[in-house]
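All heavy atoms count here, side chains included; hydrogens, waters and symmetry mates do not.
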Amino acid sequence: TLSLTDALPICKRFYFAARVRDDIWKNECKTPSSIWSGDSVQIAFDLRNNAAKTKPRYDADDREFSFGRSGRLNKTVIIRSWPVPPREPTAELAIRREGDYVFYELALPFEQLGPFTPQTGKVFGFNFVVNDCDRGSRVDYWMGLTPGICGGKDPSAFKKFVLLGE
């Protein structure tokens, strides 16, 4: 079974899960920082909900993470790719394949989101993309919630989310 431990209470983590249909599951990245270049998931946050459409780019309070399973490295990998330099964050990640489906589950401690503090009513921008690589060592296709990760960094395009109380 696919599960994550309960080392931290639920209010201390950001949870993300996806079931992706993928007939050819491939990621041959050479380094953790290139995990995005194969079958993988990228998630990104506009933590202060302050992105401007007039200046589409990430700023210091934004975060982007990429994760997947590297066949070449023979392990699951998560990397925080923004802000630079890239680094491997503390997080729980489970990835498994079942038939034509790949299941991704991530429990990311809120402390990995820098300036973000989870509070009732807090608004933030969020986006994700699923990358598909069937040939070579580059992404052939991607599908996301909104634009803003692939094809140019633009957190002003991210969907807005509001945290609700218990």
Give me the atom names and distance for the closest heavy-atom approach of [X] to [Y].
X: Glu88; Y: Pro32; answer: OE2-CG, 3.6 Å
X: Trp36; Y: Asn131; answer: O-ND2, 3.5 Å
X: Pro109; Y: Ala91; answer: CD-CA, 3.9 Å
X: Cys133; Y: Lys26; answer: O-CB, 3.4 Å
X: Tyr58; Y: Ala44; answer: OH-CB, 3.4 Å

Roughly how far, to the nearest 0.5 Å, is the OG atom of Ser156 from the CZ atom of Arg57?
->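 If I round to the nearest 0.5 Å, the distance is 11.5 Å.
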
Should the ring pair [X] and [Y] be called parallel, tilted or perpendicular, given that the plane angle runs from 0 to 90° and is split at 30 and 60?
X: Phe65; Y: Phe45; result: perpendicular
X: Phe124; Y: Phe126; result: perpendicular
X: Phe14; Y: Phe110; result: perpendicular

Same apolar cluster: Ile35 and Ile95, side chain cutoff 4.5 Å |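 No, Ile35 does not connect to Ile95 through the hydrophobic network.
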
Residues in side chain to side chain donor-acceptor pair (under 3.5 Å) with Ser70, at least two apart?
->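 Testing Ser70 for side chain to side chain donor-acceptor pair (under 3.5 Å), a comparison that skips the adjacent residues, returns none.
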
Which residues satisfy the side chain to side chain donor-acceptor pair (under 3.5 Å) test with Asn50, sequence neighbours excluded?
->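 Partners of Asn50 by the side chain to side chain donor-acceptor pair (under 3.5 Å) criterion, ordered by chain and then number, come out as Asp61.
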
Using side-chain heavy atoms (C-beta onward) and a distance below 4.5 Å, is [X] in contact with [Y]?
X: Val41; Y: Leu106; answer: no
X: Ile43; Y: Asn127; answer: no
X: Asp132; Y: Asp39; answer: yes

Are the side chain of Lys122 and the backbone N or O of Pro118 linked by a donor-acceptor pair below 3.5 Å?
->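 Between the backbone of Pro118 and the side chain of Lys122 there is no qualifying donor-acceptor contact (under 3.5 Å).
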
Should we count NZ of Lys53 as having more than 12 external heavy atoms under 6.0 Å?
->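 No, NZ of Lys53 has 12 or fewer neighbouring heavy atoms, counting only those of other groups under 6.0 Å.
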
